[in-house]
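Notes for the one structure printed next.
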There are 2 protein chains.
Amino acid sequence: MSLRQIANSLALSITTVSRALGGHSDVSDATRLRITREAERIGYVPNEMARRLQKGRADAIGFVIPGGPEAFDDSFFLKIIQGAWSRLEDLDMDLLVMSAPQGQKEVKLYRRLVEGRRVDGLILTRVREQDDERVNYLLDTRFPFVTLSAGKFDNPRIVSLDVDNHAAFRLALRRLVDLGHSTVACGGPRDIRYSALRLDAFHAVCAELGIEGVEINRDASLEGGERIVADIADHCPDVTALVCNADRVGAGAMREMMRRGLVPGRDLSLICFGDSQLTRLMRPRITVLKLPTEDMAARAIDLLVRLARCRTNGPNWCCAIPMAPPPDDDAILSGRRSLRLNFSPIAV
Amino acid sequence: MSLRQIANSLALSITTVSRALGGHSDVSDATRLRITREAERIGYVPNEMARRLQKGRADAIGFVIPGGPEAFDDSFFLKIIQGAWSRLEDLDMDLLVMSAPQGQKEVKLYRRLVEGRRVDGLILTRVREQDDERVNYLLDTRFPFVTLSAGKFDNPRIVSLDVDNHAAFRLALRRLVDLGHSTVACGGPRDIRYSALRLDAFHAVCAELGIEGVEINRDASLEGGERIVADIADHCPDVTALVCNADRVGAGAMREMMRRGLVPGRDLSLICFGDSQLTRLMRPRITVLKLPTEDMAARAIDLLVRLARCRTNGPNWCCAIPMAPPPDDDAILSGRRSLRLNFSPIAV
DNA sequence: TTGAAAGCGTTACCAC
DNA sequence: GTGGTAACGCTTTCAA
């Protein structure tokens, strides 16, 4: 089951067989036919490791699921896997999945991937607001990576995919304003970029619409969501609506409301970012700012492949990926209990 | 950054460098020290592809997440990834994750993995009761694989990891009997092995305890769970308790009970297999037969590595893995609203 | 249009 | 102890 085998049984050279199977034009049709037939017959499939060694690439993309049991039990990452794989399959590449808690050990894992040339590129999530060690390391080594939901960076070398948070908040907050709300809270941490960016967008849009915006910083976890609702109930009597930066947070908020006998939509309106089982299961249904996670991951793969190609040609990547058109409001599936928003990913 | 580089700058042969770094004993301490120092200095990390090509193995395990959007949004698979990775990391191996809908395309994916020698072994979930194409293919090619939650097979060449379903139902049903239930239903499909096995165990334990057991076959999905509750409410007035074979099913059951105004624990007692966010979020809390998914996946890796080793030595694997001791009842964390059962994985 | 040969970076088998 | 050589299976350059 190797090129040699085919070459031998056909009394041809390995070179010719390789080129025939590789689709090169400098092989006569007759020879090519004989070769493909024989390859078919013995069920030839190229040895990937040999090919990769020769080509000097891994034909694989890596994705590290950020650690901790809480972070893990989240179908967001499953969606990224799904989306990334849908493209990788077509490209005949592999997806390496790992997990690591944030910190020392995490960077070690990235080193392993980069230095062992196990992958050609990486997908990053949960980028930290300050000094993300992974980003620093990858930037230093000039290794291709794409961040998801981390917004636009000052450093033009960082390629990032994100939704338009301002547009999202415009949709969400306008809706709340229409319902008569004038003081709205937004909950999520400040140390993770995606959440910080959403908080910023929240304030900006509040200002635009002339409503009062209250920021509540808690972990992006179930417990964080619970505490946000507790904070509101105990300390912010004016707040009548809450936007959560992640669906786990929304689920926690929901749980605390239940416990306190608060009725979602009556005592406190709830909207959350996310796109998981969690939000679909909530009763009563809440409005969800649906994130195009799979699409973003798929797009990330395309970008990574491009970046990896550039890399072989020289040290300077181009990351001039244009902004996407403004979010598509038509995708709103309205309904009192279930408003779902779709907006296209933008490349930064 | 290669052996050659180190060899050159130290005026040694590549062979010696390789052996020194590989920890072979036939290298003088002085030489080894010089070599390790130099390797450290230039930050040498072996090229994995070269190593794999030479060794003739992939140093990777594959896991295909079974397809369909419903199946995908399930943290069960995330737990498998987590568990598998925890072992693979120590073994310095990779985890390849893919996804495919059940059917033609799925087997194609497995072929790709096997024939391209991309992995040394595979983890299988959701094995079908009849003629699982993947199992047939892998058996034909004698490729190492381990099934999760598929019970014991007649074919001794299939290595499988599962919990003790009988013990699980004994715990669950005894509890229900103690609460006064005498007619209990169990819901799940028959075409997937894990569910069929649980249904069988259900009937066996019902007979043991002398209670009435009603089997309801619906998809292992949210909607399936809803229909099971509908079936019970509409057609089985005697049934006062329900055991669901998967947490998604339990979540669906819960949802339908809510809709019908049925109170879990009063109108219908609910217990379900599973170990996901879903069950933790349900209110009121329900009793969960907690599956040791991560542990099983970790153990599967160890088995796969052993199988892969055997394979190189000859065509006959040994799969003489002893049964684990009986499930550990001490692990029951009792409580009216939250009974969680742990039981150790058994190897079949 | 075909083939010989070099090379990718390792490891392993033998000599010395 | 150490080093030359072959081999893993492929792609690519250069001659013929």
Side-chain angles (χ1 to χ4, degrees), chain A residues 1-36 38-39 42-60 92-94 114-118 120 309 311-313, chain B residues 1-36 38-39 42-60 92-94 114-118 120 309 311-313:
Chain A
M1 252 266 273
S2 61
L3 288 182
R4 153 171 271 117
Q5 237 176 83
I6 301 180
N8 283 349
S9 57
L10 256 44
L12 287 168
S13 74
I14 296 179
T15 315
T16 307
V17 178
S18 171
R19 273 181 315 210
L21 262 25
H24 291 238
S25 56
D26 54 357
V27 182
S28 78
D29 285 349
T31 315
R32 162 165 292 128
L33 192 65
R34 286 175 61 212
I35 291 175
T36 48
E38 176 68 7
I42 70 166
Y44 171 78
V45 176
N47 181 317
E48 279 304 320
M49 299 310 152
R51 170 178 271 172
R52 289 169 187 180
L53 172 60
Q54 152 64 30
K55 290 260 186 196
R57 44 182 165 85
D59 277 333
D92 201 32
M93 292 172 71
D94 290 333
V114 172
E115 296 174 347
R117 297 121 177 132
R118 290 163 129 104
D120 300 321
R309 287 223 187 88
R311 205 167 104 97
T312 61
N313 296 343
Chain B
M1 252 264 275
S2 63
L3 289 182
R4 154 172 270 117
Q5 235 176 86
I6 301 181
N8 283 348
S9 56
L10 257 44
L12 287 167
S13 74
I14 296 180
T15 316
T16 307
V17 178
S18 171
R19 274 180 316 209
L21 263 23
H24 290 239
S25 56
D26 55 357
V27 181
S28 79
D29 286 349
T31 314
R32 161 166 292 126
L33 192 65
R34 285 176 60 213
I35 291 174
T36 48
E38 176 67 8
I42 71 165
Y44 170 77
V45 175
N47 181 316
E48 280 304 320
M49 299 310 153
R51 171 178 269 171
R52 289 170 186 179
L53 172 61
Q54 150 65 26
K55 291 259 186 196
R57 43 184 165 83
D59 277 334
D92 202 31
M93 292 172 71
D94 290 333
V114 171
E115 296 175 345
R117 296 129 183 124
R118 291 164 128 102
D120 300 321
R309 288 225 186 87
R311 204 168 104 98
T312 60
N313 297 341

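We use all heavy atoms of the structure for the numbers below, so side chains are in, but hydrogens, waters and symmetry mates are not. We name chains A, B, ... by the order of the sequence lines, and we start the count at 1 in each one.
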Requested in this report: Return yes if some donor-acceptor pair links the side-chain N/O of A/R34 with the main-chain N/O of A/R32 below 3.5 Å, else return no.
Outcome: no
**Report entry** the helix from C/dT1-D/dA16 to C/dC16-D/dG1: angle between end helix axes, five pairs per end, rounded to 10 degrees
**Finding:** 50°
Query raised in the report: Can you find a side chain N or O atom of A/R51 that sits less than 4.0 Å from OP1 or OP2 on D/dT11?
Result: yes
Query raised in the report: Taking CZ from A/R52 and C1' from C/dT10, how many angstroms apart are they, rounded to a whole number?
Result: 17 Å
Query - Nucleotide of D/dG3, D/dC10, C/dT2 approaching B/L12 most closely (side-chain heavy atoms) - result: D/dG3
Query raised in the report: Between B/L53 and B/M49, is any pair of side-chain heavy atoms under 4.5 Å apart?
Result: no
Query - Verdict with reasoning, A/D94 to A/R52, per salt bridge (Lys or Arg N to Asp or Glu O under 4.0 Å) - result: CA-CA 12 Å; A/D94 290 333; A/R52 289 169 187 180; 2.8 Å; yes
Query raised in the report: In whole angstrom, what separates B/L53's CG from C/dT10's C1'?
Result: 8 Å
**Report entry** A/R118 side-chain N/O to A/A60 backbone N/O, donor-acceptor pair under 3.5 Å
**Finding:** no
Report task. To the nearest Å, give me how far apart CZ (A/R57) and P (C/dG9) are. Result -> 15 Å
Report task. Please list, chain by chain and in numerical order, all residues satisfying side-chain hydrogen bond (donor to acceptor under 3.5 Å, both in side chains) with A/R57, sequence neighbours excluded. Result -> A/D59
Report task. For A/L10 and C/dT2, give me the distance from atom CG to atom P, rounded to whole Å. Result -> 11 Å
Query raised in the report: Is the shortest side-chain N/O distance from A/T16 to OP1 or OP2 of C/dG3 below 4.0 Å?
Result: yes
Query raised in the report: Given side chains that start at C-beta, do those of A/D120 and A/M93 come closer than 4.5 Å, heavy atoms only?
Result: yes
Report task. Rounded to the nearest angstrom, tell me the gap between atom CZ in B/R4 and atom P in D/dG4. Result -> 11 Å
**Report entry** Main-chain N/O of B/I14 paired with B/S18 side-chain donor or acceptor, under 3.5 Å
**Finding:** no
**Report entry** Atom-to-atom span, CD of A/E48 to C1' of D/dT11 - whole angstrom
**Finding:** 13 Å
Query raised in the report: Is the closest side-chain heavy-atom distance between A/T31 and A/T16 below 4.5 Å?
Result: yes
Query raised in the report: Roughly, in whole Å, what's the span from CG in B/L21 to P in C/dG9?
Result: 16 Å
List every contact pair, protein side and nucleotides 12-16 of chain C side both N or O, where the distance is under 3.5 Å.
from: C/dA12; atom 1: N6; to: B/T15; atom 2: OG1; distance (Å): 3.4

Query raised in the report: Does A/T31 have a side-chain nitrogen or oxygen under 4.0 Å from the phosphate oxygens OP1 or OP2 of C/dT2?
Result: yes
Query raised in the report: With a cut-off of 6.0 Å (strictly less than), are more than 12 heavy atoms of other residues, nucleotides or ligands near CG of B/D29?
Result: no
Report task. Would you please confirm or rule out a distance under 4.0 Å between OP1 or OP2 of C/dG3 and any side-chain N or O of A/S13? Result -> yes
**Report entry** Nearest-Å distance for atom pair CD1/C1', residues B/I35 and D/dG3
**Finding:** 12 Å
